[in-house]
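Below, chains carry the letters A, B, ... as their sequence lines are ordered, and counting in each starts from 1.
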Amino acid sequence: MKDYDVAIIGGGLLGSAFAWGLADRGLRSVVFDEGDNAIRTARGNFGLVWVQGKGLGMPEYARWTLESSRQWVGFAERLRRETGVDTQYHRDGGFVICLDDDDFDSNVGLLEQLRREAGDGGYEFEIVEHVELRRRIPIVGDVPGATYCPHDGHCNPLRLLRALHTGYLNRGGEYRPWTRIGGLQARADGGFVVSAVDGKVVAAAAKLIVAAGHGSRELGSQVGLQVPIFPEQGQVVVTEKAAPVLNYPTNYVRQTDAGNFLLGPSSKNAGFDTSTEPATLRDITANCVRAFPLLDDFRVQRVWAALRVMTPDGFPVYQQSDSHPGAFSFACHSGVTLAANHALEVTEWVVRGDIPERYRPFHPRRFDVQANPASR
Amino acid sequence: MFKRIQPVDKPVHLVFEEQPITACEGDSVAAALLAAGVTAFRQVARGDALRGPYCMIGNCYECRVEIDGKPNLQACQQRVRDGIQVRLQRGLRKPGERDEP
Ligand SMILES: Cc1cc2nc3c(=O)[nH]c(=O)nc-3n(C[C@H](O)[C@H](O)[C@H](O)COP(=O)(O)OP(=O)(O)OC[C@H]3O[C@@H](n4cnc5c(N)ncnc54)[C@H](O)[C@@H]3O)c2cc1C
Ligand code: FES
């Protein structure tokens, strides 16, 4: 059994970003992951690096998201240079297309509220009425307008995952798939022992990161980490390829570098069900065709469903265990968007053994009725 | 390269890039083209490399052709019909161009 500086449970978007960042900082780590038939949100998401509309009620999250989108520029470039994998990140800004006037009003209202909450930090967005929208996106349908945020962008999330893994392995990192972890135990000397579901001890490490997506709830509880997450299902539709006509990602549709249009994603609570059904797919395509009528005669190539790692308020849950210092857990929706911060910044917290004060709002303590006077 | 293991008993006539082809009723367009010695079905999006069928079961999308003006059709998932005009899928489909003739 080998001794590591850090053992990371989960090789999805969060775990891989941490692995990359820790290797970059010269730490010896190991990543345990499941196999190809596991629930892996990293493989089923939409690929947006998205700022617009996020963080209502928690300005720290709005700032955190904006910061990650800024970091993404240099991050994507570094990944490309060091691994040869192009994440196809583009940051030309993004549009939230509004299909009717009510939709337009409420979206603008939301962004104005975010701007008020941001205070001096500022919150950049632009209201784009139909005529101007047509000028910027000629293929848009008969919609009242959209909002635009210059910080939004998109990437190929599978390439992101590959780039992170490649960079990690190039620096000598150890990735162990098909190893479902079942037990996390504190050692007398302060470190941790990690064992697989069959009880076999697979590693010892000074620190522990639980980043197992939907597996985190159970694993975290073994070392004093409460991870209040639940699955929220999202279905995605992919069309045949076409020459590039949509230069911006939007809330309904984005066109990939390969030329396919991605439509969706939907959202509903369906437990751990990953099946698609016609009614939801019809809703997705109907809305996307209203936004972009030319999609009407496009053929669908693939559809799938994936499970968001959702928290009760939609904001991240980041924590270090009180009872087992050195054990961290991180869970959030928007693991693509936050990948740059996870790799570049969160890894520093782990090395230092402390989550800075200004990120305490991400602690799950906020869901604790006793500790939160506002919800009493 | 490919040889039919049964005779063409119910002929169907189609055209691939001006070349008349006789297929057998029930053939997929991909099978018909391959039997006639055609292996290049489409041109890639960037550059001029040519591609042909790989999986023959609708998964790989390598076999895309244009049939009667409809772009991006999987030849392995289409049955031959008398008189269809099949063309190479040249690069990416131009969006906005209508499907129906
Ligand atoms: C439809 C959809 C669209 C999305 N779109 C976007 C988007 O546009 N932009 C964006 O930023 N985010 C998006 N997301 C969210 C993003 O994909 C997630 O935030 C991210 O994947 C979460 O990463 P994770 O590492 O926590 O979980 P995962 O990516 O699921 O990884 C967890 C890993 O841990 C492994 N694991 C679990 N239990 C164990 C165990 N016991 N032992 C070992 N390994 C274990 C799993 O096998 C898995 O590989 C979307 C999500 C969905 C569902
Ligand atoms: S040959 Fe693979 S989809 Fe037709």
Side-chain angles (χ1 to χ4, degrees), chain A residues 36 43-44 84-86 88 90 95 97 133-143 156 158-159 236-250 252-263 276 285 288-304, chain B residues 14 16-17 28-33 39-81 84-101:
Chain A
D36 287 341
R43 266 91 169 167
V85 180
D86 179 3
Q88 302 180 331
H90 303 287
F95 286 87
I97 310 271
L133 185 58
R134 261 281 157 79
R135 204 184 58 74
R136 296 198 211 171
I137 307 180
I139 61 166
V140 80
D142 197 10
V143 300
N156 178 329
L158 296 177
R159 282 167 172 258
V236 177
V237 175
V238 181
T239 73
E240 60 182 299
K241 295 179 170 74
V245 279
L246 182 58
N247 298 327
Y248 302 94
T250 73
Y252 288 112
V253 181
R254 74 181 187 91
Q255 190 175 14
T256 66
D257 274 24
N260 309 80
F261 291 94
L262 251 67
L263 321 185
T276 56
T285 49
C288 292
V289 166
R290 270 178 81 189
F292 300 103
L294 68 78
L295 292 176
D296 195 28
D297 69 0
F298 270 64
R299 272 170 293 275
V300 168
Q301 258 186 10
R302 296 190 208 293
V303 299
W304 68 74
Chain B
L14 58 133
F16 177 74
E17 297 281 333
S28 69
V29 172
L33 295 183
T39 50
F41 283 45
R42 71 182 185 95
Q43 208 174 43
V44 298
R46 296 185 186 89
D48 46 19
L50 296 166
R51 293 278 190 275
Y54 178 64
C55 71
M56 294 294 278
I57 56 168
N59 269 332
C60 72
Y61 288 80
E62 291 292 358
C63 63
R64 284 172 286 142
V65 291
E66 191 182 292
I67 301 178
D68 291 339
K70 267 190 164 192
N72 272 343
L73 292 173
Q74 290 161 280
C76 73
Q77 299 300 300
Q78 300 282 326
R79 264 189 221 281
V80 289
R81 283 170 287 117
I84 53 172
Q85 300 278 332
V86 183
R87 296 198 160 275
L88 276 176
Q89 173 66 42
R90 290 187 204 305
L92 292 171
R93 163 185 183 170
K94 312 288 173 294
E97 105 191 335
R98 293 306 297 182
D99 248 11
E100 304 306 327

Go through the structure and list residues passing salt bridge (charged side-chain N to carboxylate O under 4.0 Å, His left out) with A:R290, not counting sequence neighbours.
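With sequence neighbours excluded, A:R290 shows a salt bridge (charged side-chain N to carboxylate O under 4.0 Å, His left out) to no residue whatsoever.
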
Using a 6.0 Å cut-off, check whether atom CZ of B:R79 has over 12 heavy atoms from anything other than its own residue.
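Not more than 12 within 6.0 Å, no.
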
Taking all non-hydrogen atoms of both residues into account, name the closest pair between A:A258 and B:L92 and its distance.
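It is O-CD2, 3.9 Å.
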
So which atom in B:P95 and which in A:A242 form the shortest heavy-atom distance, rounded to 0.1 Å?
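Here B:P95 and A:A242 meet closest at CG-CB, 3.7 Å.
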
Within the structure provided, determine whether B:P71 and A:R299 are in side-chain contact (heavy-atom separation under 4.5 Å).
yes

I need the B:L73 CG to A:E240 CD distance, nearest 0.5 Å.
8.0 Å

Could you tell me if B:R93 sits above the aromatic ring of A:F298, with its cationic atom closer than 6.0 Å to the ring centre and no more than 45 degrees from the axis?
yes

Set of side chain to side chain contact (heavy atoms under 4.5 Å, CB included) partners for A:V300, sequence neighbours left out
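Partners of A:V300 under the side chain to side chain contact (heavy atoms under 4.5 Å, CB included) test: A:V237, A:V303.
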
